[in-house]
Amino acid sequence: MAGREGGSVVPADTPNGVAGFKKKGAGPRSWILMDSSGQENILDVDKYVIMHRVQIHARDLRILDPLLSYPSTILGRERAIVLNLEHIKAIITADEVLLRDPFDDNVIPIVEDLRRRLKLVNVNREDNRDGTLAVHNDVETAEEDDSPFEFRALEVALEAICSYLAARTIELETAVYPALDMLTSKISSRNLDRVRKLKSQMTRLTARVQKVRDELEQLLDDDDDMADLYLSRKLAGASPLSASGAASWFLASPTIGSKISRASRASVATVRGDENDVEELEMLLEAYFMQIDGTLNKLTTLREYIDNTEDYINIQLDNHRNQLIQLELFLSSGTVCLSIYSLVAGIFGMNIPYTWNENHGFMFKWVSI
């Protein structure tokens with residue numbers, strides 16, 4: 001199991017070091033570990049090592065399996081936050097973050113952003129410790145210094161997924177609006193097929209955005225779920241019992257550790273009175289909830305535009321259909337008129353003697369005319 005020795009992160013020991021080296025960065029077993037001090041390491045370990053390290057169950061780790069299709073989820077556990085947001089699959093603890101598939105094209109920007117923010121916070125803390133804080137550090141950086149590590153990592157993940165979905169929405173908008181305008185000007189099989197494919201993409205993207213939005217909304221509606229994400233507070237609440245040997249029980253059994261932590265949190269809450277204070281996390285989640293809700297509103301507007309275009313095309317088709325019906329009615333009327341003349345011609349063409357036909361030879365010319 002990977003651990004810390006002298007402030008540095010040590011890679012996990014594997015049964016076969018050569019095989020682990022060959023697999024590194026190549027498959028879904030790769031993890032990148034970044035701690036609060038800014039140090040990082042690539043791990044190539046199995047799920048049991050990860051489960052023992054962060055104290056989560058197999059069902060929680062199964063959510064992060066890329067081979068299984070699980071919806072976007074943010075789960076708060078006793079010692080970790082299990083995060084599954086599209087391509088972002090991470091486990092966040094109070095002092096480190098484990099990110100899966102660090103060499104994926106969509107995950108690399110998240111690793112860079114996380115690395116940049118952690119180093120920035122560490123530099124600011126060292127400057128504060130030495131008393132040489134630069135003047136250009138703004139208030140936002142100071143707020144990041146005061147935020148717990150798990151919130152900084154969670155913010156990076158939420159910002160990345162919101163930016164990713166917003167970018168996909170903008171790309172879809174730039175493709176849909178010209179296609180709809182082209183379909184409005186000329187209705188053809190090619191344009192209809194193009195709009196059909198874009199509408200399918202929009203439906204899938206809307207479902208993904210809706211799931212992320214619902215997950216954030218569910219967290220915001222439940223204070224207990226938000227309180228479970230305060231890992232640093234739970235560790236601080238469990239610290240009075242660690243002196244009496246509770247730490248070994250906590251590591252040995254997650255169930256016993258959960259009961260101990262709840263009891264310690266309750267005792268600390270009576271002293272500090274901040275157990276139910278989730279304002280900091282609520283403000284963080286509300287900011288990204290508004291952002292993802294704006295993305296969903298763009299998709300809703302896009303769907304309405306597509307529906308309006310479909311209604312307009314249906315009106316055009318109905319208009320053409322009415323014109324064809326009018327033409328058919330006109331042709332039917334002409335056919336009736338011609339049938340009258342055919343009737344007269346048929347009468348005069350019959351080989352039957354008529355008395356009124358005598359001395360009226362001029363009638364043949366008028367009928368012919």
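For the atom pair CG of L183 and CD1 of I313, the computed distance is 3.5 Å after rounding to the nearest 0.5 Å. Between atom CZ of residue R62 and atom CE of residue M51 there is a gap of 8.5 Å, rounded to the nearest 0.5 Å. Rounding to the nearest 0.5 angstrom, the gap separating the CD atom in E282 from the CG atom in L220 is 6.5 Å. Separating the CD1 atom in I91 from the CG atom in L61 is a distance of 5.5 Å, to the nearest 0.5 Å. How far CG of L281 is from CG of L219: 7.5 Å, rounded to the nearest 0.5 Å. To the nearest 0.5 Å, atom CD of residue E86 and atom CZ of residue R208 are 4.0 Å apart.
With hydrogens and angles left out, the side-chain atoms of T93 and D95 include a donor and acceptor closer than 3.5 Å. No hydrogens or angles considered: nothing links the side chains of Q326 and N322 as a donor-acceptor pair under 3.5 Å.
S30 approaches D44 most closely through the heavy-atom pair N-OD1, 4.2 Å. The nearest pair of heavy atoms linking F149 to M34 is CZ-O, 3.9 Å. Among all heavy-atom pairs drawn from E279 and Y230, the shortest one is N-OH, 4.0 Å. Here the closest non-hydrogen pair linking M226 and V278 is CE-CG2, 3.7 Å. Residues V54 and A80 share a closest heavy-atom pair of O-CB, 4.0 Å.
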Before giving the answer on side-chain contact (heavy atoms from CB on, under 4.5 Å), spell out for E280 and L284 the whole-Å C-alpha distance, their side-chain angles and the decisive distance to 0.1 Å.
-> CA-CA 6 Å; E280 181 180 1; L284 175 64; over 6 Å; no
Trace of the side-chain contact (heavy atoms from CB on, under 4.5 Å) decision for I50 with W31 | CA-CA 10 Å; I50 300 296; W31 297 78; 4.1 Å; yes
Stepwise side chain to side chain donor-acceptor pair (under 3.5 Å) test for Q316 and Y312 = CA-CA 6 Å; Q316 281 188 334; Y312 176 74; 3.0 Å; yes
Check against side chain to side chain donor-acceptor pair (under 3.5 Å), S232 and E150 = CA-CA 8 Å; S232 301; E150 62 269 20; 2.9 Å; yes
Yes or no on side-chain contact (heavy atoms from CB on, under 4.5 Å) for K199 and R196, after CA distance, side-chain angles and deciding distance?
-> CA-CA 5 Å; K199 187 176 181 180; R196 179 186 62 82; 5.8 Å; no
Tell me, with the steps shown, if T295 and D293 meet side chain to side chain donor-acceptor pair (under 3.5 Å).
-> CA-CA 5 Å; T295 302; D293 188 63; over 6 Å; no
Step-by-step salt bridge (charged side-chain N to carboxylate O under 4.0 Å, His left out) determination, R321 to D318 | CA-CA 5 Å; R321 192 178 297 110; D318 292 338; 2.4 Å; yes
May I have the step-by-step check of salt bridge (charged side-chain N to carboxylate O under 4.0 Å, His left out) for E112 and R115, ending in yes or no?
-> CA-CA 5 Å; E112 295 292 337; R115 182 184 299 119; 3.0 Å; yes
Chi angles and distances behind the side chain to side chain donor-acceptor pair (under 3.5 Å) call for Q218, D222 = CA-CA 6 Å; Q218 183 179 357; D222 195 336; over 6 Å; no
E173 and K298: CA distance, side-chain angles, deciding distance, salt bridge (charged side-chain N to carboxylate O under 4.0 Å, His left out) verdict | CA-CA 9 Å; E173 284 180 340; K298 289 183 179 180; 5.3 Å; no
Under the salt bridge (charged side-chain N to carboxylate O under 4.0 Å, His left out) criterion, do E159 and R117 qualify, and how do the steps go?
-> CA-CA 13 Å; E159 182 179 354; R117 295 199 181 189; 2.2 Å; yes
Before giving the answer on side-chain contact (heavy atoms from CB on, under 4.5 Å), spell out for L83 and L154 the whole-Å C-alpha distance, their side-chain angles and the decisive distance to 0.1 Å.
-> CA-CA 8 Å; L83 193 68; L154 180 62; 3.8 Å; yes
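Between the side chain of T174 and the main chain of E171, a donor-acceptor pair closer than 3.5 Å is present. For N84 (side chain) and A90 (main-chain N/O), no donor-acceptor pair under 3.5 Å exists by modelled atom type. Within the 3.5 Å criterion, the main-chain N or O of R194 finds no donor-acceptor partner in the side chain of N191. With hydrogens and angles disregarded, a donor-acceptor distance shorter than 3.5 Å links the side chain of E215 to the backbone of I74. Of the possible polar contacts, one joining the T73 side chain to the P71 backbone as a donor-acceptor pair under 3.5 Å is found. At least one donor-acceptor pair under 3.5 Å links the side chain of N314 to the backbone N or O of E310. Between the N308 side chain and the E304 main chain, a donor and an acceptor come within less than 3.5 Å of each other.
For the pair R79/L231, no side-chain contact is recorded, criterion being any heavy-atom separation below 4.5 Å from C-beta on. Residues L75 and I81 form no side-chain contact, since every pair of their non-hydrogen atoms from C-beta on lies 4.5 Å or further apart. Two residues are said to be in side-chain contact when any heavy atoms from C-beta on lie closer than 4.5 Å; V97 and L33 fail this criterion.
Ion pairing between a basic and an acidic side chain is recognised when a charged N comes within 4.0 Å of a carboxylate O; D193 and R190 show no such pairing.
Residue Y341 is not grouped with residue L343 when hydrophobic side chains (ILVMFWY) are merged at heavy-atom distances under 4.5 angstrom, including chains of intermediate members. No path of Ile, Leu, Val, Met, Phe, Trp and Tyr side chains, each step under 4.5 Å between heavy atoms, connects V195 with M182, placing them in separate hydrophobic clusters. Under the 4.5 Å side-chain heavy-atom criterion for Ile, Leu, Val, Met, Phe, Trp and Tyr, I292 and M283 are members of distinct hydrophobic clusters. Hydrophobic clustering (ILVMFWY, side-chain heavy atoms < 4.5 Å, transitive): L172 and L192 are in one cluster. Hydrophobic cluster membership differs between L198 and I170, with clusters built from Ile, Leu, Val, Met, Phe, Trp and Tyr side chains linked at under 4.5 angstrom.
Shown are V107, D101, L158, I110; of these, the side chain to side chain contact (heavy atoms under 4.5 Å, CB included) with I88 is made only by I110. Tested against V156, the residues V111, L114, I92, L99 include a single side chain to side chain contact (heavy atoms under 4.5 Å, CB included) partner, L114.
A cation-pi contact, defined as under 6.0 Å to the ring centre and within 45° of the axis, is absent between R303 and Y305.
Atom OH of Y70 is surrounded by more than 12 heavy atoms from other residues, nucleotides or ligands within 6.0 Å. Within a 6.0 Å radius of CD in Q323, other residues, nucleotides and ligands contribute more than 12 heavy atoms.
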